[in-house]
2 protein chains.
Amino acid sequence: MPRQPAPPRPLKTPGSEVTASGASVQQAPLDPQPAKARRARAPRAKPNALALDTVDSSYLQTLMGYNARRAALSIIELFLERLAPYGLKPVDFSVMSTIGHNPGVTSRQLCATLNLLPPNLVGLIQSLESRGLIERKPHPHDGRAVGLHATPKGQALMVQAERTATELEIEKTAKLTPAQRKTLLALLQKIYL
Amino acid sequence: MPRQPAPPRPLKTPGSEVTASGASVQQAPLDPQPAKARRARAPRAKPNALALDTVDSSYLQTLMGYNARRAALSIIELFLERLAPYGLKPVDFSVMSTIGHNPGVTSRQLCATLNLLPPNLVGLIQSLESRGLIERKPHPHDGRAVGLHATPKGQALMVQAERTATELEIEKTAKLTPAQRKTLLALLQKIYL
DNA sequence: TATTGTTATACTCTATAACTATA
DNA sequence: TATAGTTATAGAGTATAACAATA
């Protein structure tokens with residue numbers, strides 16, 4: 001989440017000329033704006049004569065990794081601001097939320113679910129515990145494991161935090177219709193799940 | 001891109017029950033699989049009785065930031081492997097690609113376009129230059145600025161690197177139809193552009 | 001005065017190896 | 001032997017402040 005000094009973004013807004021054809025399900029309209037003078041997208045463009053004012057990043061914009069990362073960072077930037085009052089960063093939030101919705105979950109399960117590494121979770125858990133947001137209870141079946149539970153204080157915090165997160169996300173995706181938002185979530189999950 | 005020791009991922013594949021309605025454009029089908037017994041998505045679910053085996057992350061899956069980040073990391077993980085032979089990490093790749101497509105682009109422009117901070121670009125540029133992949137030439141109009149150009153060696157490298165990146169991306173998005181892929185790119189850009 | 005590029009530096013995030021205690 | 005949790009630590013990534021040269 002790099003906060004820039006104050007750089008004007010010369011990124012051009014593409015006319016998002018996107019169609020699709022398929023089988024069984026209806027879809028969301030992708031171009032609410034009246035299709036503005038659509039510049040031909042260069043599939044293998046020849047370089048800019050000389051990059052004097054505008055910068056062409058049309059190739060990078062064809063890459064899912066690039067677009068997903070840029071979108072994620074854009075959202076996370078606002079997330080950090082809005083969730084700072086709760087003392088929660090994205091990973092803290094994910095961990096607290098998962099514990100809240102899965103009482104007794106173990107560190108091992110958290111790592112697998114959220115794709116974290118065990119050593120990096122240790123300090124995080126200790127911090128949440130020392131803040132009184134979670135409790136560690138012995139695991140019923142496995143003597144090695146420890147069950148994690150949100151305290152009433154932690155639960156109350158997360159009700160607010162999740163509400164804030166959801167609101168912020170709706171703001172950040174304001175250019176999307178609810179249908180498009182739903183579509184986007186489902187398509188992203190097809191990549192990483 | 002956290003590489004796990006070898007954890008079985010208890011993440012459940014959602015039935016991606018996604019519909020959409022809208023106005024002017026056709027869309028891609030979101031559910032190629034024969035709609036499998038669809039579990040009710042909990043909008044504000046009550047916690048798992050006890051997280052013994054499976055972990056419920058349905059709330060996080062409603063967050064764009066979470067999904068975008070997970071998808072991005074999933075792609076970047078493979079990106080790192082496949083682009084390692086070229087000595088390029090994601091940011092190096094973005095910078096080289098942008099220079100290649102925009103001869104004479106300045107550091108300042110790169111920062112604005114790729115959302116990087118100037119101090120972090122310095123070492124990166126120096127590294128690319130010392131590898132003989134780019135050249136720095138005086139800017140025609142501005143004595144302070146330096147124009148960046150890809151050398152023939154750098155150009156040749158990037159032809160291969162971009163081909164590799166595009167291939168890897170198609171692999172990672174194999175569960176998506178071309179139409180869905182196009183849709184996804186356009187929707188992501190609506191968030192960060 | 002404002003901007004480009006740079007240095008130095010601090011802070012955070014992520015990754016690896018190795019240990020312990022339980023199974 | 002394998003796994004859950006932990007420790008210590010290294011490395012990469014990202015951030016801020018301040019400076020010189022040019023506009």
Side-chain angles (χ1 to χ4, degrees), chain A residues 1-8 10 51-52 69-70 72-73 76-77 80-81 84 87-95 104-129 134 136-148, chain B residues 1-8 10 51-52 69-70 72-74 76-77 79-81 84 87-95 104-129 134 136-148:
Chain A
M1 354 50 279
R3 206 180 326 146
Q4 296 299 104
L52 293 175
R69 183 159 187 271
R70 290 298 300 266
L73 289 176
I76 290 172
E77 184 181 12
L80 287 172
E81 287 179 28
L88 295 175
K89 277 182 279 192
V91 181
D92 309 318
F93 177 89
S94 312
V95 168
V105 69
T106 67
S107 288
R108 170 69 182 69
Q109 287 178 308
L110 282 176
C111 286
T113 303
L114 301 175
N115 204 23
L116 303 173
L117 292 173
N120 300 331
L121 195 57
V122 175
L124 209 157
I125 294 289
Q126 286 172 347
S127 168
L128 294 174
E129 189 184 24
I134 62 173
R136 296 147 52 104
K137 301 182 183 175
H139 190 91
H141 305 316
D142 192 334
R144 297 168 298 180
V146 180
L148 302 172
Chain B
M1 349 56 276
R3 205 179 327 143
Q4 297 298 104
L52 292 173
R69 182 160 188 271
R70 290 297 301 266
L73 289 176
S74 166
I76 289 172
E77 184 179 12
F79 187 99
L80 287 172
E81 288 179 25
L88 296 174
K89 277 180 280 192
V91 181
D92 309 320
F93 178 88
S94 312
V95 168
V105 69
T106 67
S107 288
R108 170 68 182 69
Q109 287 178 307
L110 282 176
C111 286
T113 303
L114 301 175
N115 203 24
L116 303 173
L117 292 173
N120 300 330
L121 195 56
V122 174
L124 208 156
I125 295 289
Q126 286 173 346
S127 168
L128 294 174
E129 188 184 23
I134 62 172
R136 295 148 53 104
K137 301 181 183 175
H139 189 91
H141 304 317
D142 193 333
R144 298 167 298 182
V146 181
L148 303 172

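First the proteins, then the strands, lettered A, B, ... as listed; each starts at 1. No experiment lies behind these values; they were computed from the predicted model shown. Values below: all heavy atoms of this structure, side chains included; hydrogens, waters and symmetry mates excluded.
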Visitor: Measure from NZ on B/K89 to C1' on D/dA12 and round the result to the nearest Å.
Guide: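 So the two atoms are 6 Å apart, to the nearest Å.
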Visitor: Any chance you could measure B/S94, atom OG, to B/K89, atom NZ, to the nearest 0.5 Å?
Guide: 13.0 Å
Visitor: What is the distance from CD1 of B/I125 to P of C/dT7, rounded to the nearest Å?
Guide: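 Answer to the nearest Å: 13 Å.
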Visitor: Nearest heavy atom decides the nucleotide; on that basis, is B/N120 or A/V146 closer to the 5' end of DNA chain D?
Guide: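 Counting from the 5' end, the first nearest nucleotide belongs to A/V146.
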Visitor: Using whole Å, what does the distance between atom P of nucleotide D/dA4 and atom NE2 of A/H139 come to?
Guide: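 Rounded to whole Å, this separation is 10 Å.
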Visitor: Testing the basics here: between A/I76 and B/R69, what is the closest heavy-atom pair and its distance to 0.1 Å?
Guide: CD1-CD, 3.6 Å
Visitor: To the nearest angstrom, how far is A/L117 atom CG from D/dA8 atom P?
Guide: 18 Å
Visitor: What's the separation between atom CG in B/D92 and atom OG in B/S127, rounded to the nearest 0.5 Å?
Guide: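 One finds 6.5 Å between CG of B/D92 and OG of B/S127.
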Visitor: Rounded to whole angstrom units, what separation is found between the CG atom of A/L121 and the P atom of D/dT6?
Guide: 8 Å
Visitor: Measuring from A/L110:CG to A/I125:CD1, what's the distance to the nearest 0.5 Å?
Guide: 5.5 Å
Visitor: Out of curiosity, B/N115 CG to A/R70 CZ, how far, rounded to the nearest 0.5 Å?
Guide: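 Between atom CG of B/N115 and atom CZ of A/R70 there are 5.0 Å.
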Visitor: What pairs of residues pass the salt bridge (Lys or Arg N to Asp or Glu O under 4.0 Å) test when at least one of them lies in residues 114-124 of chain B, not counting sequence neighbours?
Guide: none
Visitor: Taking only residues two or more places apart in sequence or in another chain, which ones pass side chain to side chain contact (heavy atoms under 4.5 Å, CB included) with B/V91?
Guide: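 For B/V91, the residues satisfying side chain to side chain contact (heavy atoms under 4.5 Å, CB included) (neighbours in sequence not counted) are B/V95, B/L116, B/L124.
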Visitor: To the side chain of A/A145, which of C/dT6, D/dA4, C/dA15 is closest?
Guide: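 Closest nucleotide among those given: D/dA4.
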Visitor: Whether A/Q126 contacts D/dT7 is assessed here as follows: a side-chain N or O lying under 4.0 Å from the phosphate OP1 or OP2. Is that the case?
Guide: yes
Visitor: Quickly work out the B/L124 CG to C/dG5 P distance and round it to whole Å.
Guide: 14 Å
Visitor: Can you check the A/L116 CG to C/dT16 P distance for me, whole Å?
Guide: 14 Å
Visitor: When you get a sec, tell me which of D/dG5, C/dG5, C/dT16 is the closest nucleotide to the side chain of B/R136?
Guide: C/dG5
Visitor: Quick one, give me the B/S/- string for nucleotides 17-23 of chain C, reading 5' to 3', where B means a protein heavy atom under 4.0 Å from the base and S means that only happens at the primed atoms, P, OP1 or OP2.
Guide: B----BS
Visitor: Where the side chain of B/R108 is concerned, which of D/dT7, D/dG13, C/dT4 is the nearest nucleotide?
Guide: C/dT4
Visitor: In whole angstrom, give the distance that lies between atom CG of A/L128 and atom C1' of D/dG5.
Guide: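 To the nearest whole Å, that distance equals 16 Å.
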